[in-house]
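Below, chains carry the letters A, B, ... as their sequence lines are ordered, and counting in each starts from 1. Being a predicted model, the structure only gives us computed values, none of them experimental.
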Amino acid sequence: MAEQVFWEDVTEGMELPSLVKEPTTRQLVQYAGASGDFYEIHYDKDFAIGNKLDGPILHGALKSAFLGQLVTDWIGQQGILKRLQCQYRGMDAPGNAITARGSVTRKYEEDGQRMVDCSIWLENAEGQNTTPGYATVILPSRGG
Amino acid sequence: MSTPASFLTEEMRQQALGLESAPVTMEVEKGHILRFAEAIGDTNPQYCDEAAARKTGSGGIVAPPTFLRSVRGVNLELPFELSFSRRLDGGSDWEYFQPVRAGDRITAVARIAELSERNGRLGLMVFMTTVTTYTNQFDETVATQTNTLIAY
């Protein structure tokens, strides 16, 4: 675990530590079992091709889980995730590494809470943003 | 297979908007949280290490942010046949209000918030936006999830 980040340490424009994921078909089966989403486009190649796809694709919700981890890794145990949004614009296939990235877009106080908004996204090996989104978090203060 | 130019009518939209699912309740088991965290590849001790999790603000094992996706069987019964066999997930938007802890009993109710259609790369696509509200055993709303389903 990285050290706890505090609201005072954050500046607008700063990047979140990136997170590389290397999903496999095995992981998609594992995720299907854990989430209960057994839709065959995520692990059955013939079924996926019959659905006008090139092959199995990642569950959208697994991609949002990767973005969730990007944010929760950064905010540490004292940070609180308030909002996690993303759109599945491009498809990602098992066997291809994807990198979760983020940057701080706004730092502010609201109702006595120290808040940060982030732009977050998943980038494929070609550098394309397949899954844009944003997150809002509450961070602890050095002042307590 | 030919693609029709349009599927949705204003009448269908009016019938569907605001429709709610039956409530579904799921007990949050520690082992399920662990399996879910393993499946997404997240080794955060808050999900898997009771001793470490107790030292944090939440005071024990909590679920990862998207864990509530595993509440299955929240079915919205449309008053008409959505005659497209294929489905894609368009995106999701979570808002969090309380942590989800091992041992919680979570009840989910989904509501149709939006229904529209558009022609795209995959032919005619229907977009259905649902809002699912998750409530714990103390009647606290723990999270809402707005999700867009694409049928094509």
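The neighbour count for B/Glu50 CD, taken as heavy atoms of other residues, nucleotides or ligands under 6.0 Å away, is above 12. Around atom CD of B/Glu77, no more than 12 heavy atoms belonging to other residues, nucleotides or ligands sit under 6.0 Å away. Shown here is B/Glu11, whose CD atom has no more than 12 heavy atoms of other residues, nucleotides or ligands within 6.0 Å. In A/Glu15, the CD atom is not crowded: 12 or fewer heavy atoms of neighbouring residues, nucleotides or ligands sit closer than 6.0 Å. Within a 6.0 Å radius of CZ in A/Arg89, other residues, nucleotides and ligands contribute 12 heavy atoms or fewer. Residue B/Gln137 qualifies as enclosed at atom CD: its count of foreign heavy atoms under 6.0 Å is above 12. For A/Lys82, the NZ atom is densely surrounded, since the number of other residues' heavy atoms within 6.0 Å is greater than 12.
For A/Gln69, the parts sitting under 4.5 Å from any heavy atom of chain B are the backbone and the side chain alike. There is no contact between B/Gln145 and chain A, counting heavy-atom distances below 4.5 Å. Using a 4.5 Å cut-off between heavy atoms, A/Leu19 does not touch chain B at all. When heavy atoms are compared at a cutoff of 4.5 Å, B/Tyr152 approaches chain A solely by way of its side chain, counted from C-beta outward. A/Leu67 does not touch chain B: none of its heavy atoms, backbone or side chain, sits under 4.5 Å away.
Counting only distance, with no hydrogens or angles, the side chain of A/Lys21 and the backbone of B/Gly41 share a donor-acceptor pair below 3.5 Å. Judged purely by atom type and a 3.5 angstrom limit, A/Lys52 has no side-chain atom pairing as donor or acceptor with the backbone of B/Arg86. Using modelled atom types, no side-chain atom of A/Tyr31 and backbone atom of B/Phe36 make a donor-acceptor pair closer than 3.5 Å. No donor-acceptor pair under 3.5 Å is formed between the side chain of A/Gln85 and the backbone N or O of B/Ser92.
Counting all heavy atoms, side chain and backbone alike, B/Tyr96 lies closest to A/Leu81 at CB-O, 3.4 Å. When all heavy atoms are compared, the tightest approach of B/Arg72 to A/Ser35 is CD-O, 2.9 Å. What you find for A/Leu62 and B/Ala39 is that their closest heavy atoms are CD1-O, 4.3 Å. Across all non-hydrogen atoms, the minimal contact from A/Ala34 to B/Ser70 is O-CB, 3.6 Å.
Note: A/Cys86 leads A/Gly33, A/Gly50, A/Cys86, A/Gly60 in heavy-atom pairs under 4.5 Å with chain B. Of all the listed residues (B/Ala37, B/Pro65, B/Gly90), the one sharing the greatest number of non-hydrogen pairs under 4.5 Å with chain A is B/Gly90. Among B/Lys55, B/Arg87, B/Arg35, the residue making the largest number of heavy-atom pairs under 4.5 Å with chain A is B/Arg87.
Atom CG of A/Asn51 is separated from atom CG of B/Leu88 by 8.5 Å, given to the nearest 0.5 angstrom. Interatomic distance, A/Phe66 CZ to B/Thr66 OG1, rounded to the nearest 0.5 Å: 10.0 Å. Summarising the geometry, atom CG belonging to B/Asp89 is positioned 12.0 Å from atom CG belonging to A/Leu58; distances are rounded to the nearest 0.5 Å.
Between B/Asp93 and A/Tyr134 the shortest side-chain heavy-atom distance falls below 4.5 Å.
Cluster annotation: A/Tyr39 is not connected to A/Leu28 through the hydrophobic network of ILVMFWY side chains, with a link wherever side-chain heavy atoms come within less than 4.5 Å. A chain of hydrophobic side-chain contacts below 4.5 Å, direct or via other Ile, Leu, Val, Met, Phe, Trp or Tyr residues, connects B/Met128 to B/Leu8. Under the 4.5 Å side-chain contact rule for hydrophobic residues, B/Met12 and B/Leu82 share a cluster. Each of A/Ile80 and A/Val71 belongs to its own hydrophobic cluster when Ile, Leu, Val, Met, Phe, Trp and Tyr are linked at side-chain heavy-atom distances under 4.5 angstrom. Under the 4.5 Å side-chain contact rule for hydrophobic residues, B/Phe7 and B/Leu76 share a cluster.
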